[in-house]
There are 2 protein chains.
Amino acid sequence: MSRQLPQPSFDSINLVTLLAALADPVRLTLMQAMYSRTGPVDCSVIAEGVEVSAPTVSHHYRVLREAGLTTTTVEGRRRVVSIRYEDLEARFPGLLAAVLAPAANT
Amino acid sequence: MSRQLPQPSFDSINLVTLLAALADPVRLTLMQAMYSRTGPVDCSVIAEGVEVSAPTVSHHYRVLREAGLTTTTVEGRRRVVSIRYEDLEARFPGLLAAVLAPAANT
DNA sequence: GGTTAAGTTCGATGGGTGTCAAAGCATCGG
DNA sequence: CCGATGCTTTGACACCCATCGAACTTAACC
């Protein structure tokens with residue numbers, strides 16, 4: 001019933017690509033919003049605090065997914081997104097916490 | 001005798017700018033080369049493994065410095081560069097280690 | 001079926017950026 | 001003083017990227 005959008009395998013997650021994906025205000029905001037919650041969340045909920053058009057939000061979700069940061073599944077008309085915690089922690093230990101920690105927001 | 005090139009203050013180090021600075025193959029290579037050594041090192045020594053022209057190397061050093069990642073001092077004809085360990089660790093704990101750890105190179 | 005709703009894809013556009021060659025600028029050595 | 005050295009600046013070029021409006025796709029609902 002719910003299919004998963006294509007994403008890079010664990011081994012093909014690239015550090016430069018990952019950093020480039022995080023190096024954008026909108027995408028960093030999305031990631032921080034996901035990080036402050038637990039488990040998969042509806043895309044539109046996460047994107048609420050962001051002030052860009054729908055196509056732009058869609059574009060940013062794609063960049064995050066193709067960088068290996070998130071997993072997106074299609075459920076009906078909606079998209080559910082979640083951070084790839086285990087993969088990222090195994091690949092680059094401590095990176096998520098360092099970048100997305102609330103203290104980094106100041 | 002040795003003057004220091006301008007760099008952002010501790011408070012004005014921005015996470016997005018910092019990530020953008022790291023999200024480049026050449027600059028990441030430079031940072032990793034600095035990270036594997038202790039203390040300030042000659043710019044030209046660090047840039048040995050990089051296959052770009054001198055102006056490009058100079059450009060990348062500037063980006064790193066203006067992002068708050070490095071400190072550069074002028075000593076005669078040479079430039080000596082070092083990572084701002086203390087500042088970065090205080091500002092974004094664990095970030096340097098997560099990004100520049102040798103394990104991330106694989 | 002027809003309609004609404006949620007997201008995506010498709011151009012187009014404007015701004016940013018990595019790269020280099022050439023010229024410029026201090027600095028050291030003779 | 002003069003040439004060599006180490007690095008920067010400038011200008012130019014190609015390319016990438018964030019953004020949006022319009023059109024499209026798919027799914028829920030009456």
Chemist: Can Val80(B) be reached from Val63(B) by stepping across I, L, V, M, F, W or Y side chains whose heavy atoms are under 4.5 Å apart?
Modeler: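 In one cluster with Val63(B): Val80(B), no.
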Chemist: Kindly indicate whether the side chain of Val81(B), heavy atoms from C-beta on, has any atom under 4.5 Å from the side chain of Tyr61(B).
Modeler: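 Val81(B) vs Tyr61(B): side chains touch.
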Chemist: For Arg78(A) and Cys43(A), indicate whether the former's side chain and the latter's backbone hold a donor-acceptor pair under 3.5 Å.
Modeler: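 No; zero donor-acceptor contacts below 3.5 Å.
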Chemist: Identify which nucleotide among dT8(C), dG18(C), dT8(D) has an atom closest to any side-chain atom of Ser58(B), counting heavy atoms from C-beta outward.
Modeler: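 Of all the options, the side chain of Ser58(B) is nearest to dT8(D).
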Chemist: What is the distance, to the nearest angstrom, from the CZ atom on Arg65(A) to the P atom on dG7(C)?
Modeler: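 The answer, rounded to whole Å, is 14 Å.
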Chemist: Taking Thr29(B) for the side chain and Pro25(B) for the main chain, is one N or O donor matched with an acceptor at less than 3.5 Å?
Modeler: yes
Chemist: Please report, rounded to the nearest Å, how far the P atom of dT3(C) is from the CZ atom of Arg77(A).
Modeler: 16 Å
Chemist: Hey, are Asp11(B) and Ser9(B) close enough side-chain-wise for a donor-acceptor pair under 3.5 Å?
Modeler: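 Their side chains do not contain a donor-acceptor pair, so the 3.5 Å distance test is not met.
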Chemist: Let me know the distance between NE2 of His59(A) and P of dA6(C), rounded to the nearest Å.
Modeler: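 Checked: the NE2 to P distance equals 22 Å.
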Chemist: Do Tyr85(B) and Phe92(B) sit in one hydrophobic cluster, given that two such residues count as connected whenever their side-chain heavy atoms are within less than 4.5 Å of each other, even indirectly?
Modeler: yes
Chemist: Classify the nucleic acid contact of Val52(B) as base, sugar-phosphate or nothing, counting any heavy atom under 4.0 Å across all strands shown.
Modeler: sugar-phosphate
Chemist: Whole-Å distance between dT25(D) C1' and Arg3(A) CZ?
Modeler: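 That distance rounds to 11 Å.
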Chemist: Looking at Thr56(B), does any N or O in its side chain come under 4.0 Å of the phosphate oxygens OP1/OP2 on dC20(C)?
Modeler: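 The answer is yes; a side-chain N or O of Thr56(B) sits under 4.0 Å from OP1 or OP2.
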Chemist: Any luck finding a side-chain donor-acceptor pair between Gln7(A) and Thr71(A) under 3.5 Å?
Modeler: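 There is such a pair (donor and acceptor under 3.5 Å, judged by atom type) between the side chains of Gln7(A) and Thr71(A).
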Chemist: Starting from the 5' end of DNA chain D, give me the residue, Asp24(A) or Pro55(A), whose nearest nucleotide shows up first.
Modeler: Asp24(A)
Chemist: What integer distance in Å separates Tyr61(B):OH from dT19(C):P?
Modeler: 14 Å
Chemist: Any residue in residues 39-50 of chain B with a heavy atom nearer than 4.0 angstrom to DNA chain D? Just list them by number, or reply none.
Modeler: Asp42(B), Ser44(B)
Chemist: Calculate the interatomic distance between Arg79(B) atom CZ and dC28(C) atom C1'; express it in whole Å.
Modeler: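 Roughly 14 Å, once rounded to whole Å.
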Chemist: Without decimals, in angstroms, what is the distance between Glu75(B) CD and dC7(D) P?
Modeler: 12 Å
Chemist: Students often get this wrong, so: under 4.0 angstrom with heavy atoms, is His60(B) touching a base, only sugar-phosphate, or nothing?
Modeler: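 Touches sugar-phosphate only.
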Chemist: Which part of the nucleic acid, if any, lies within contact of Val26(A), taking any heavy atom under 4.0 Å across all strands shown: a base, the sugar-phosphate backbone alone, or nothing?
Modeler: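 The residue Val26(A) makes sugar-phosphate contact but no base contact.
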Chemist: Separation of Glu66(A) atom CD from dT9(C) atom C1', in whole Å?
Modeler: 13 Å
Chemist: Starting the side chain at C-beta, find the nucleotide from dA18(D), dG18(C), dG6(D) nearest to Arg78(B).
Modeler: dG6(D)
